[in-house]
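Read through the structure below, which is laid out as structure tokens, and then see the notes.
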Amino acid sequence: MNIERNLDIAREAYAKLGVDVDAAIKSVSETPVSIHCWQGDDVAGFETPDGELTGGIQSTGNYPGKARNIDELRADFEFANKLIPGKKKFSLHAIYLDAQGKKVARNEVAPEHFTSWVQWAKENGLGLDFNPTFFSHPLSADGFTLSSDDESIRKFWVEHGIQSRLISESFGRELGQTSCNNLWVPDGFKDIPVNRAKKRENLAKSYDEIFAVKTDDNYNLDSLESKVFGIGAESCTIGSHEFYMGCAMKHGKLLTLDTGHYHPTEVVSDKISGVLTYLDGVMLHVSRPVRWDSDHVVILDDELKAITTEIKRGGYEKRVHIGLDFFDGSINRIACWAIGSRNMQKALLWAALEPIAMLQKFEAEGDFTSRLAYLEEIKTLPFGFVWDAYCAQQNVPVGDKWIADVKKYEADVLSHR
């Protein structure tokens, strides 16, 4: 494979449409993508070994080699990191704390419980994001946390939410990269409620209290994540899209758009410009919904490309924070990280190579014939040549070479767990 020769071919083909291939590669290499820790161990965490996963979340499959502790999880991601191009962050949940064998209550989790993670991130050139964990806990067993009618339970989770913001802020200060703190709660009813308003009033009150504690936006950005329904909460989700849109506007926060958290006929790509008309920014949780929120590994499908092109077309690169959110235990978990993350990078590169100026000129002139014609023609441009060159420049495997590397790691490391 002559990567440089192929890149020259691609440069010439894209240049005819006014696209600078090298500039596109550079822009993608500087776009951070937040990769989630919970793919590596099926959302188990280190708080309670072998604890039950609750909150309407399921990770299915029993492929051998799951990370069982903090050292294995870090080692697995360090290996995956070598397969993935681009600028990366690592997204942690509160249950992935390094408590040094001590029992730490959720409402007492603090920056010192993530000191080793910060050091690890520095050593590996990573930023960090954070997520409070409002599930898999005795005080979330009845399905309600921040919206609970039990004041002691609600206060407990408010305190956890406050602590999460302080942890996220500490990440930003230590690493020099703004940390996104994503708040999602599983609260909802399995059957038809008759007083959902009360629960939403409770939830709103909780966020008023959480955000009354100020953090520095240079280091911490809070984001609010909605959901249509969860397993065991099919009839009513308290934190709906409409609720969080209003809450984000009230408090000046980001809104998290999860690709699996809407009705199957809705697409997140269509929501981005609508939300950003009124909010300063959004956080994306990119997964692949199959029959709704199944969190399959991200593939390079039309919606993924639509999301990235919408970001690029709208000039939203600085306002959209990209994070991944899938967890599949049925196949090699490191391969999941590699496949999903590489596809996210491919989609970003696809968008960067689109002849936006030309297409938007056609649209502004009412020449919809040319717009459609060129949208189809660019699908057969030598995108693969540019992708190979990008991987080579980033010193990660080109083409399918990474697959053999994962298989060897599985034989040498994972199979012995």
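We number each residue from 1, following the sequence as shown.
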Worksheet item: So which pairs with a foot in residues 18-27 pass side chain to side chain donor-acceptor pair (under 3.5 Å), sequence neighbours left out?
Response: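 Residue pairs passing side chain to side chain donor-acceptor pair (under 3.5 Å), neighbours aside: R11-D22, K26-E30.
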Discussion item. Show me the pairs that pass side chain to side chain donor-acceptor pair (under 3.5 Å) and involve residues 381-396, at least two apart or across chains.
Written reply: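 Qualifying pairs: Q345-Y390.
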Practice prompt. Identify whether the distance between the nearest side-chain nitrogen and carboxylate oxygen of E376 and K379 falls below 4.0 Å.
Written response: yes
Fill in: NZ/NE/NH1/NH2 to OD/OE distance under 4.0 Å, K122 and E174
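Between E174 and K122 there is a salt bridge, with a charged N closer than 4.0 Å to a carboxylate O.
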Any non-hydrogen side-chain atom of [X] less than 4.5 Å from a side-chain atom of [Y]?
X    : Y    : result
F114 : V109 : yes
F130 : I167 : yes
I334 : F79  : yes
I378 : P355 : yes

For [X] versus [Y], what's the shortest heavy-atom pair and its separation?
X    : Y    : value
F368 : E363 : CE2-O, 3.6 Å
E310 : I272 : CG-CB, 4.2 Å
W402 : L83  : CB-CD2, 4.0 Å
S341 : L324 : OG-CD1, 3.4 Å
R165 : I210 : NH1-O, 3.1 Å
C37  : L73  : O-CD1, 3.7 Å

Could you tell me the separation between the [atom1] atom of [X] and the [atom2] atom of [Y], rounded to the nearest 0.5 Å?
X    : Y    : atom1 : atom2 : result
L128 : L126 : CG    : CG    : 7.0 Å
R154 : D150 : CZ    : CG    : 10.5 Å
K66  : R333 : NZ    : CZ    : 6.5 Å
C180 : L284 : SG    : CG    : 10.5 Å
K89  : I322 : NZ    : CD1   : 11.0 Å
T308 : L348 : OG1   : CG    : 6.0 Å

Taking only residues at least two apart or on different chains, which pairs with a member in [range] satisfy salt bridge (Lys or Arg N to Asp or Glu O under 4.0 Å)?
range            : answer
residues 271-289 : E266-K271
residues 243-264 : D208-K250, D222-K253
residues 76-87   : D76-R417

Discussion item. Just to verify, what does S140 make a side chain to side chain contact (heavy atoms under 4.5 Å, CB included) with, not counting sequence neighbours?
Written reply: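 With neighbours one apart ignored, the set is T54, H137, T145, W157.
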Discussion item. Could you walk me through whether N332 and L414 satisfy the side chain to side chain contact (heavy atoms under 4.5 Å, CB included) test, starting with their C-alpha distance in whole Å, then the side-chain angles of each, then the deciding distance to 0.1 Å, before giving a yes or no?
Written reply: CA-CA 9 Å; N332 184 297; L414 304 183; 3.6 Å; yes
Does a side chain donor of either [X] or [Y] reach within less than 3.5 Å of an acceptor in the other side chain?
X    : Y    : result
S34  : D129 : yes
D149 : N202 : yes
N218 : D216 : yes
N131 : S91  : yes
E303 : S269 : yes
S168 : N181 : no
S223 : T256 : yes
N107 : E159 : yes
Q119 : E123 : yes
Y96  : D41  : yes
S240 : R196 : no

Practice prompt. Evaluate the side chain to side chain contact (heavy atoms under 4.5 Å, CB included) criterion for residues D400 and I403: first the C-alpha distance (whole Å), next the side-chain angles of each, then the deciding distance (0.1 Å), finally the verdict.
Written response: CA-CA 6 Å; D400 62 357; I403 301 173; 3.9 Å; yes
Practice prompt. Return each pair, listed once, that meets ring pair (Phe, Tyr, Trp, His ring centres under 6.0 Å) where at least one residue sits in residues 272-291; pairs must be two or more places apart or across chains.
Written response: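 Listed once each, the pairs would be none.
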Looking at [X], I want to see if its [atom1] is surrounded by more than 12 non-hydrogen atoms of other residues, nucleotides or ligands under 6.0 Å.
X    : atom1 : answer
N195 : CG    : yes
F362 : CZ    : yes
K401 : NZ    : no
K318 : NZ    : no

Item to complete: Report the C-alpha distance between I238 and C236 in whole Å, list the side-chain angles of each, state the deciding distance to 0.1 Å, and finish with yes or no for side chain to side chain contact (heavy atoms under 4.5 Å, CB included).
Response: CA-CA 6 Å; I238 308 305; C236 173; 3.9 Å; yes
Practice prompt. Given salt bridge (Lys or Arg N to Asp or Glu O under 4.0 Å), test K205 with E201 step by step and report yes or no.
Written response: CA-CA 6 Å; K205 179 182 178 181; E201 289 168 4; over 6 Å; no
ring-ring contact (aromatic ring centres under 6.0 Å, His included) involving [X] - partner list, sequence neighbours excluded:
X    : result
F90  : F77, W117, W120
Y219 : none
F211 : Y207, H251

Practice prompt. Check the pair Y316, H321 against ring-ring contact (aromatic ring centres under 6.0 Å, His included), reporting the backbone distance first and the verdict last.
Written response: CA-CA 10 Å; Y316 299 136; H321 304 266; over 10 Å; no
Practice prompt. Specify whether H261 and W184 have parallel, tilted or perpendicular ring planes, treating 30° as the upper limit for parallel and 60° as the lower limit for perpendicular.
Written response: tilted
Discussion item. My understanding is that only residues two or more places apart in sequence, or in another chain, count here; which of them pass side-chain hydrogen bond (donor to acceptor under 3.5 Å, both in side chains) with H296?
Written reply: S294
Worksheet item: Taking only residues two or more places apart in sequence or in another chain, which ones pass side-chain hydrogen bond (donor to acceptor under 3.5 Å, both in side chains) with T265?
Response: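 Scan of T265 (side-chain hydrogen bond (donor to acceptor under 3.5 Å, both in side chains), adjacent residues dropped) gives H263.
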Discussion item. Show, in sequence, the C-alpha distance, side-chain angles and deciding distance for E47 and R106, and conclude whether the salt bridge (Lys or Arg N to Asp or Glu O under 4.0 Å) test is met.
Written reply: CA-CA 9 Å; E47 182 187 69; R106 293 268 179 99; 2.6 Å; yes
